[in-house]
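One structure below.
Protein chains get the first letters and strands the later ones, always in sequence-line order, with residue 1 at the start of each.
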Amino acid sequence: MLSMELFRNEAGKIRADHDKRGIPHDKIDQVIDLDKQWRTALKEMEESRRERNIAAREIADAKKSGDKERSDRILAQVKDLGDRISSLDEKADQLLAQRDSLRMRIPNLLHESVPVGEDEAGNTQHSLHGEKPNFDFEPRTHNELIEMNKWVDLERAAKIAGSRFFFLKGDLARLEMALQTYSVDFLLARGFTFVQPPVMMNRQAYEGVTDLSDFETVMYGITPDPLYMIATSEHPLTAMYMDEVIEPSQLPIKMVGVSPCFRREVGAHGLSDRGIWRVHQFTKIEQIVISHPDDSWGHHEELLQNCVDLWDELGLHYEVVNICTGDMGTVAARKYDLEAWLPGANAFKEIVSCSNCTDYQANRLRMRYRTSGGNAAVHTLNSTAVATSRALVAIMEQNQTEDGRVKVPDCLVSFMGGKTHLEPCNW
RNA sequence: GCGGAGAUCGCAUAGCCUGGUAUUGCGGUGGACUUGAAAUCCACUGUCCCUCGGACACGGGAGUUCGAAUCUCUCUCUCCGCGCCA
């Protein structure tokens, strides 16, 4: 959510940003208009309250001095004031709620470097890493590999849970665990603190971190309790400091979170989504930084560098992409994606997303830090380290051998009990 | 799940019974004093509208009242005891 100061004093900035994104200005104008109406209504209501307070004080005085006649007289004068106040109050509340529900739907201001483009075709390459693997045989898709090695059981998962769930078996399951441990250790060495979050959140906290439309398309609601399954540990870890004032000496707060992530994936279908690439539940290791506003762009580069170093060490071929205006979404001001090369698909596909959300989430969550001039919003950043299901796909496809086995990345061998290749599961 | 006690400004704390301007300490910021610092002293230190100023804020919501931190109802959370349990 953008701060109200921006709408009042620098609406031109928001309009220019909307132009870049190619969206109309009508919501901006409505917010500004509703704000004016709200302030007028607020003043009117406060004036009535002031009258009431004065009267209440006079009654207290009169009673203290035993002047019953005077207190009765004032009492009669303000008899109907209560009703007037509550109706004015209700009007002001309504205007404020309207203003902010619109304001919640206005996206964050973009960083000036974000490339302009209509959709993902407008994304630009930031850098290219590793070597494209050269096979002297026809490489298999990850779907073929998991089937021939019996590493994933989709049918039985569908039987007991539904489509897009999976059982992970044998050496591939062990590799998944190795990825978790490796990634957490990697980030611990860079000053992050390991945090395991709750995997359900209440509505109020959740509205602070995400696009409102996600409630319809992404998150699972829990019946009968008013909770939502988290779509990523970004959400609980970012909302962790909701409604708090943080001492500046505590910043930056750097966390590495691991959690299962739950996504409804409404509307997703098609051949490319078979297997474990797009699923309802996966595990993700996430980097979170809660930062002083002056430092957030530096931290954004740091998060990207962590990803690059981590994925370089895995020995995979991938590219870093600058997300363009049309592909950005509501919350981030700037976003990098890592896209891994999938020989089976003959394409780069998204494995990591690295965002600076500036003060957008912090404004909604009322997460502030103390300054000499008052309290100001912090900045929040998040980046995937590893989403294990997708990392497994990339490793399987890039590290496959002609006989259909898969070479374990060197940095993971020690987490696999010294095993250098994944063996098939025998049932 | 049952019974009891609680939630007050960044932290701590008084006020609640008996309704009438939110107390004090710590921490923080600015200033005075100082060669500098410590100590001491003064001011400021929740949010909103903002112009002097005003309104709001005592976990959330509702009610009673001219007036609610204070009384009533309700919800949430925390702590203690009991029960259940990986």
Establish, with yes or no, whether the OP1 or OP2 oxygen of B:A55 is under 4.0 angstrom from a side-chain nitrogen or oxygen of A:Asn53. yes

Enumerate the residues from residues 32-51 of chain A whose closest heavy atom to RNA chain B is under 4.0 Å, giving them by residue number; use none for an empty result.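 Within this stretch, A:Trp38, A:Arg39, A:Leu42, A:Lys43, A:Glu46, A:Arg49, A:Arg50 sit under 4.0 Å of the strand.
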
Send over the distance from [X] [atom1] to [N] [atom2], rounded to a whole Å.
X	N	atom1	atom2	value
A:Tyr369	B:C11	OH	P	19 Å
A:Glu244	B:G59	CD	P	17 Å
A:Asp89	B:A55	CG	C1'	11 Å
A:Lys91	B:C49	NZ	C1'	15 Å
A:Gln204	B:G61	CD	P	11 Å

Which one, B:G67, B:U47, B:C49, comes nearest to the side chain of A:Arg52? B:G67

From the options B:C66, B:A55, B:G10, select the nucleotide whose nearest atom is closest to the side chain of A:Arg57.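 Looking only at side-chain atoms, A:Arg57 lies closest to B:A55.
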
Nucleotide-level pairing of RNA chain B, given in dot-bracket where Watson-Crick and G-U pairs need both distances under 3.5 Å and | marks other strands: ((((((((.[[[..)....(...]]]((((((.......))))))((((...))))..[[[[[..)....]]]]])))))))....

Take atom C1' in B:U45 and the same atom in B:C26, then report the distance between them in whole Å. 13 Å

I'd like the C1' distance from B:C48 over to B:A14, given in whole Å.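 So the two C1' atoms sit 27 Å from each other.
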
Taking salt bridge (charged side-chain N to carboxylate O under 4.0 Å, His left out) as the criterion, tell me which of A:Lys13, A:Arg21, A:Arg15, A:Lys20 meets it with A:Asp17. A:Arg21

Could you check whether [X] pairs with [Y] (Lys NZ or Arg NE/NH1/NH2 to Asp/Glu carboxylate O, under 4.0 Å)?
X	Y	answer
A:Glu286	A:Lys284	yes
A:Arg105	A:Asp211	no
A:Glu51	A:Arg84	yes
A:Glu44	A:Arg39	no

Decide whether A:Thr358 and A:Asn356 meet the rule of one side-chain donor and one side-chain acceptor closer than 3.5 Å.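 The answer is no; no qualifying pair exists.
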
Quiz question: by atom type and distance under 3.5 Å, do the side chains of A:Tyr228 and A:Asp214 form a donor-acceptor pair? no

Tell me whether A:Glu47 at atom CD has more than 12 heavy atoms from other residues, nucleotides or ligands lying less than 6.0 Å away. yes

Could you tell me whether A:Arg73 contacts a base, only the sugar-phosphate backbone, or nothing, with contacts defined as non-hydrogen atoms closer than 4.0 Å? nothing

Report the C-alpha distance between A:His25 and A:Asp19 in whole Å, list the side-chain angles of each, state the deciding distance to 0.1 Å, and finish with yes or no for side chain to side chain donor-acceptor pair (under 3.5 Å). CA-CA 8 Å; A:His25 297 174; A:Asp19 290 342; 2.8 Å; yes

